[in-house]
Amino acid sequence: MVRTRFAPSPTGFLHVGGLRTALYNYLFAKQNGGKFVLRIEDTDRERYVEGGVENIIKSLAWSGIKFDEGPFEQSKRLDIYHRHVEQLIKEDHAYYCFCSAERLENLRQKQKDKKIPTGYDGLCRDIDPKEAGQRVQAGERHVIRMKMPVSGETVFNDLIRGEVRFKNELVDDQVLIKSDGYPTYHLAVVVDDHEMKITHIIRGEEWISSVPKHIQLYNFFGWDIPQMAHLPLLLNPDKSKLSKRQGDVSVEDYRQKGYLPEALVNFVAFLGWNPGTDKEFFSLKELVKEFDITKAGRAGAVFNVDKLDWYNKEYIKKLSDKELAKIAEPWFNANKEYSIENKELIERAVGLERERITTLSELPGALKFVFVLPDYPSDLLVWKKSNRQEVAKILPELAKLLNTFSVQAWNMGKLEQGIGEWLAEKGYSVGAALWPMRVALSGQQNSPGPFEIAEVLGKAESLARLDKAIAKII
RNA sequence: GGCCCCAUCGUCUAAUGGUUAGGACGCUGCCCUUUCAAGGCGGAAAUCCGGGUUCGAUUCCCGGUAGGGUCACCA
């Protein structure tokens, strides 16, 4: 049975790169009828952020990615790691190291100065186990390191990249247990992936160089090695690793800005993968069906917000008035211009701006003119090919005509038809009448069309706004 | 710097040992149009460089170069 996992560290919010990793793991598990596990890699107490786990879970839930098991927290599994590392010590695959941080720092510096590869020099590697045990007993500060083989090669087959090989002599004796008793990532990840029966490890490319350490650990324990797939990194527009400095990186940022989860997920799924067809829109369900990890790209992918914006617009366009009003509610609530009583009007009005906004957060501002007529200069009422005199003549006539519409007939279709006939009959140009009408109703240079606004506003409000315009222009 | 990954329009990518190198975003022209959007129809825009294999290379191989990752008692 396929089992995958997403294993973030709770250092804040869910990164969009993390979202993609979680998504791919989820998709792969689901398309194989397997399980997706959430594990929290919280073995670094210094970087622990209060609420970090909750934030990650919330962002995953918002994105529609459901995990089947977990969250398992590594900080609550210390005994398991210790049990395993003891085995390694017993079997001479790991050893106590008493080197101080200062010594290691000096060592590194010297290696750098001499331009030789940095890494632990193995000073404690050959301390007699008995002596080491005694020093530990005596309370001497120590870490536990793995005994990396000094010769040979470690080879593995990446699902995305094919065969990758590393010379063992160049791989460090990785610390397994820190002096505070917590395991490092490298020990914990191997032990947990095995304990949790993970069959496929899908994670970011930044991990690829630590794979040989992990493989040696699997070998020491005599465990089967999971399949691995290392995903290309997400990049800034300048091709550097995606960072906060150059824009938003957390799922939460995008949620707050008014991106739809469907859009973010669809967009992120296409960063490093695509179906090989012209199909651009994929629901989570469709992704489960069509995703193929072996077709994932190998080169880093720029996180291009323009494309995300396009996806978001497209997904917003698919929403009904009701859905859009509902989903945008938080942004209306956050805007003090709007009160709860507006709810019904909001639902009627959202259609006006649906095709004009990029994110949900723009909606309250875009629709404000429906609720409060903006102040505008009278010149705005004059169409570029018209003049004040003409507007002053047409607008009152138009108001008179509109007044003849019954409230029942006050809808887009009827208005358009009626005004159209009237225009033809009078011989007025369309722009000369419709531009001022639209400005009168919206108070804005750019807005939705006059008929749709009129319908949303209703007869009384529409005529009131027309009267205001007439007063301005005469 | 060592090691590792990697390279198709500006961006995300598709495809093939022989193609007009396809799509999408963005940009742009035209149409529609009272404005802004939306929509329709077009356009510009790419195989990093050098060798080799081959009748033929963008594709396969080697080298270079660019970019990225990693080299912690962080993940």
Side-chain angles (χ1 to χ4, degrees), chain A residues 7-11 41-47 74 97 99-101 104-105 108 111-112 114-120 141-145 158 160-161 164-167 170-172 174-186 188-189 203-212 230 232-233 235 237-241 267 270-280 295 297-311 313 317 352-358 366 380 383-386 429-439 442 444-450:
Chain A
S9 53
T11 53
E41 313 248 324
D42 58 350
T43 56
D44 183 358
R45 293 168 310 158
E46 310 213 339
R47 295 213 309 171
Q74 294 184 322
C97 171
C99 293
S100 67
L104 295 175
E105 184 50 45
R108 224 179 341 263
Q111 289 166 329
K112 269 186 189 163
K114 283 196 221 157
K115 290 197 193 319
I116 56 177
T118 55
Y120 185 57
R141 200 172 169 81
H142 64 276
V143 301
I144 298 175
R145 289 181 183 273
D158 190 274
I160 296 174
R161 292 159 207 284
V164 183
R165 8 178 30 112
F166 292 87
K167 287 191 178 59
L170 297 169
V171 181
D172 217 358
Q174 180 62 47
V175 170
L176 263 18
I177 298 283
K178 298 179 265 186
S179 59
D180 64 2
Y182 279 72
T184 58
Y185 171 84
H186 305 283
V189 75
R203 83 237 287 189
E205 192 186 2
E206 69 266 30
W207 292 112
I208 205 162
S209 53
S210 47
V211 168
H230 288 89
L233 261 15
L235 310 175
D238 70 358
K239 299 257 186 189
S240 58
K241 189 176 175 180
F267 169 64
F270 270 65
L271 258 20
W273 171 81
N274 92 23
T277 66
D278 289 351
K279 190 169 154 70
E280 296 279 346
K295 289 211 177 98
R298 280 161 292 208
V302 172
F303 191 89
N304 178 206
V305 178
D306 280 340
K307 185 105 183 218
L308 206 213
D309 282 346
W310 173 75
Y311 267 118
K313 283 182 105 139
K317 278 195 261 180
L352 293 175
E353 294 292 339
R354 176 174 24 233
E355 292 186 350
R356 293 175 172 79
I357 55 168
T358 301
L380 194 59
W383 185 40
K384 61 186 176 194
K385 296 182 193 165
S386 181
S429 75
V430 175
L434 259 34
W435 172 277
M437 175 178 171
R438 191 183 57 73
V439 171
S442 70
Q444 299 177 164
Q445 171 149 8
N446 300 330
S447 79

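Reminder, nothing fancy here: chain letters follow the sequence lines and each chain counts from 1.
- Within 4.0 Å of A:Lys385, counting heavy atoms only, lies no atom of the nucleic acid at all.
- Across the strands present, B:A72 finds no partner; the criterion is a Watson-Crick or G-U wobble pair with both atom distances under 3.5 angstrom.
- At least one side-chain nitrogen or oxygen of A:Lys239 sits closer than 4.0 Å to the OP1 or OP2 atom of B:U11.
- Of the candidates B:C74, B:A7, B:G67, B:A7 carries the atom nearest the A:Arg298 side chain, counting heavy atoms from C-beta on.
- The side chain of A:Thr118 has B:A72 as its nearest neighbour among B:G68, B:A38, B:A72.
- In this structure, A:Phe270 places its CZ atom 19 Å from P of B:U11, rounding to the nearest Å.
- Of the candidate nucleotides B:C4, B:C73, B:G69, B:C4 has the atom lying nearest to any side-chain atom of A:Ile208.
- An OP1 or OP2 oxygen of B:A75 is reached within less than 4.0 angstrom by a side-chain nitrogen or oxygen of A:Thr43.
- When each of B:C5, B:G69, B:A75 is scored by its nearest atom to the side-chain atoms of A:His186, the top-ranked nucleotide is B:A75.
- With both ends at atom P, the span from B:U47 to B:A7 equals 16 Å, rounded to whole Å.
- Taking atom CG of residue A:Asn304 and atom C1' of nucleotide B:U11, one finds them 5 Å apart after rounding to whole Å.
- Residue A:Lys115 places its NZ atom among 12 or fewer non-hydrogen atoms of other residues, nucleotides or ligands, all under 6.0 Å distant.
- Closest approach to the A:Arg47 side chain among B:A75, B:A7, B:C73 is made by B:A75 (side chain taken as heavy atoms from C-beta onward).
- At the phosphate of B:C71, neither OP1 nor OP2 sits under 4.0 Å from any side-chain N or O atom of A:Lys112.
- The distance from atom CZ of A:Phe166 to atom C1' of B:U70 is 9 Å, rounded to the nearest whole Å.
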What's touching nucleotides 28-35 of chain B from the protein side, N or O pairs under 3.5 Å?
residue: B:U34; atom: O2'; partner: A:Trp383; partner atom: NE1; Å: 3.4
residue: B:U34; atom: O2; partner: A:Arg438; partner atom: NE; Å: 2.8
residue: B:U35; atom: O2'; partner: A:Asn446; partner atom: OD1; Å: 2.3
residue: B:U35; atom: O2; partner: A:Arg438; partner atom: NH1; Å: 3.3
residue: B:U35; atom: O2; partner: A:Ser447; partner atom: N; Å: 2.7
residue: B:U35; atom: O2; partner: A:Ser447; partner atom: O; Å: 3.0
residue: B:U35; atom: N3; partner: A:Ser447; partner atom: O; Å: 2.6

Show the distances under 3.5 angstrom between N or O atoms of the protein and N or O atoms of nucleotides 21-24 of chain B.
residue: B:A24; atom: O4'; partner: A:Glu280; partner atom: OE2; Å: 2.8
residue: B:A24; atom: O2'; partner: A:Lys307; partner atom: NZ; Å: 3.2
residue: B:A24; atom: N3; partner: A:Lys307; partner atom: NZ; Å: 3.2

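- Residue A:Asp306 places its side chain closer to B:G26 than to any other of B:C4, B:G26, B:C73.
- Judged as a side-chain hydrogen bond (donor to acceptor under 3.5 Å, both in side chains), and not counting sequence neighbours, the contacts of A:Arg165 are A:Glu153, A:Glu163.
- With both ends at atom C1', the span from B:U11 to B:G64 equals 27 Å, rounded to whole Å.
- Neither OP1 nor OP2 of B:A38 sits under 4.0 Å from any side-chain N or O of A:Arg354.
- Of all nucleotides present, none satisfies the Watson-Crick or G-U wobble test against B:A45 with each distance under 3.5 Å.
- A donor-acceptor contact under 3.5 Å is not formed by the side chain of A:Ser209 with the base of B:C4.
- As a whole-Å value, the separation of A:Tyr182 OH from B:C74 P is 12 Å.
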